[in-house]
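Comments concern the structure below.
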Number of protein chains: 2
Amino acid sequence: MDEAERIRKQKELIEFIGVQQEREGFQPVTARIMGMLMVMDKEEYTFDEIVEEMQISKSSASTALKNLELRGVIEYVTYPGDRKRYFRFVSGEIDGMIDEMKKKMKQHAIIIHQILDLKKDPNSRNALFLKNILTGMEFFMLQLDKFKEEYHSRP
Amino acid sequence: MDEAERIRKQKELIEFIGVQQEREGFQPVTARIMGMLMVMDKEEYTFDEIVEEMQISKSSASTALKNLELRGVIEYVTYPGDRKRYFRFVSGEIDGMIDEMKKKMKQHAIIIHQILDLKKDPNSRNALFLKNILTGMEFFMLQLDKFKEEYHSRP
DNA sequence: TTTTTAGTTCGATATTTTGCGAACTAAAAA
DNA sequence: TTTTTAGTTCGCAAAATATCGAACTAAAAA
C-alpha cells in the first residue's frame, strides 16, 4: 500500500467513524473531528488547522471543539511561546472505560427500579422480566471491579 | 401513594425514558412507545390503542412499530378469533444483552484495528493508546463468556 | 359480493438541527 | 496605545428529520 492509498483510506475511515459517532449522538462536524484526531498521523491540530482541514467555519469549529472538550473526548495543550491551542484526543485508560460502563449501567438500573416501583402487579410479565434483568445487571457490576484487578495482574 | 399519583408518575417516567431513548437514536414517538410498553400496567397494546394513547397518527404508529420490531425491541402476538396484533416489549435475557455488548465491542475493536493499520508511526501517542485499549477490550470480551457461566451457576 | 377492519405507503408540511457569517472579545504583540 | 491573533457568540438560512393526512391494500366479516 503506497502513501497516497494509505491517506485515502484514512479519510475513508474518518468518514466511517463520523457516521458511527453521529449515531452515538454527536453532530456531523463534531463526529468527523473526532475521527480525524484519532486516525490521522498528525495527532495535534490547532484551531485553524482544523478549520482548514475540515473545510468548516470558525464558528462550527468552536462549537464542536467546546462540545468535545466538555464531553471529555479531546483536550488541548499549549507550547511556550505559542499561544495557539493544540487539540488532541484524550488517551483514556481501560479503567476509565469500565467506570463509564458501570455508570451507564447504574443509570439504567435506577430507571428499571422506578418502573418496578410503579407497577401495580409486581408479577406481571414485564415486571418479572425487568427483575430478572436487574439481578443480572447487579451481578455484572460486581464483576467489573474484579475484572479491573484481574486485568492489571494478568501475566 | 394513591392510584392517580402512581399513574401520573408512570407518565412522567415514560417521558423520561423517551428523552433517554431519543439520545440512543430513536425518534421521539418511537422512544415514547417503548417507554409506554415498559412502564404501563397494561403490557399489550393494539395498534389503535397505541394511536389513541399516544395521540399520534396511524402512519406514525405504523412507522414506529415497524422500526421497533425491526430492531428487536418489541414483538406482537395475536389471539384466536381476534385479528388485531397485540404489541408488547420483548423480554430479552441477560445472555442476549451480554452477546449484544460483545458484538458492539467487537465492532469497535475492528475500527481500532483499522486505525492502527493505517498509522504511519505505530508508536505515536494515539497508536500506543489505541493498542492499549485494544488489549483491554480483548481481555474483557474473553471474560464475558466466563461471566455468563458464573451468573447461571450462582447460588 | 360488498363492506369493514387493521393496518401500510407516500407526498406534503411542520419542526428541529446544523452550520454559517458577521460582529464581538480578551490577551498578546507591535 | 494600536493592531493582531485566536478564538467566541448569536441570529439566520438551509438542510435534515419527524409526523401527518389521504389514498391505498389485503384479509376477514357480513
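A note on names: the letters A, B, ... follow the listed sequences, proteins ahead of strands, and every chain is numbered from 1. Just so it is clear, the values below take in all heavy atoms, side chains as well, and ignore hydrogens, waters and symmetry mates.
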When G81(A) and A61(A) are each assigned the nearest nucleotide of DNA chain C, the 5'-most assignment goes to A61(A)
Separation of dT25(C) atom C1' from F47(A) atom CZ, nearest Å, is 14 Å
The nucleotide from dG21(C), dA6(D), dT8(C) with an atom nearest the side chain of D48(A) is dA6(D)
- Below 4.0 angstrom from OP1 or OP2 of dA27(D), is there any side-chain N or O of R85(B)? no
Exercise. So does K66(B) pair up with E69(B), basic N to acidic O under 4.0 Å?
Worked result: no
Taken to the nearest whole Å, CD/E52(B) to C1'/dG7(C) is 17 Å
Re dA28(D): Watson-Crick or G-U wobble partner, both distances kept under 3.5 Å, found to be dT3(C)
To the nearest angstrom, the CE-P distance between M54(B) and dA18(D) comes to 15 Å
Review point. So, E75(A) and R125(B), do they make that salt bridge, N to O below 4.0 Å?
Key: yes
| said: With a 3.5 Å cut-off and heavy atoms only, can you find an N or O donor on one side and an acceptor on the other between the side chain of S59(B) and the base of dG21(D)? | reply: yes
Exercise. Salt bridge between E5(B) and R8(B), side-chain N to carboxylate O under 4.0 Å?
Worked result: yes
note: N67(B), atom CG; dT17(D), atom C1'; distance rounded to Å ~ 13 Å
Step by step, work out the side chain to side chain contact (heavy atoms under 4.5 Å, CB included) result for F140(B) and M97(A). CA-CA 11 Å; F140(B) 186 81; M97(A) 290 175 62; over 6 Å; no
So, is S60(B) near the phosphate of dT19(D), with a side-chain N or O under 4.0 Å from OP1 or OP2? no
Any Lys/Arg nitrogen of E43(B) or K119(A) sitting under 4.0 Å from an Asp/Glu carboxylate oxygen of the other? yes
Between CD1 of I33(A) and P of dT18(C) the distance, given in whole Å, is 14 Å
Taking a pair to mean Watson-Crick or G-U wobble geometry with both distances below 3.5 Å, dT13(C) pairs with dA18(D)
D82(B) atom CG is separated from dA27(D) atom C1', nearest whole Å, by 14 Å
Winner on side-chain proximity to K66(A), out of dG21(C), dT8(D), dT8(C), is dT8(D)
Checklist entry - Does dT9(C) have OP1 or OP2 sitting under 4.0 Å from an N or O in the side chain of K58(B)? => result no
| task | Using a heavy-atom cut-off of under 4.0 Å over every strand shown, decide if I56(B) touches base, sugar-phosphate, or nothing. | result | sugar-phosphate
When rounded to whole Å, the CZ to P distance for the pair R23(B) and dT17(D) reads 19 Å
Exercise. Are any of the side-chain nitrogens in E100(A) or K104(A) under 4.0 Å away from the carboxylate oxygens of its partner?
Worked result: no
pair_partner(dA23(C)), Watson-Crick or wobble, both distances < 3.5 Å, evaluates to dT8(D)
Considering only heavy side-chain atoms of P28(A), the closest of dG7(C), dG19(C), dT8(D) is dG19(C)
Does dT17(C) have its OP1 or OP2 closer than 4.0 Å to a side-chain nitrogen or oxygen of Q27(A)?
no
From NZ of K84(A) across to P of dA27(C) the rounded distance in Å is 19 Å
When E22(A) and R83(A) are each assigned the nearest nucleotide of DNA chain D, the 5'-most assignment goes to R83(A)
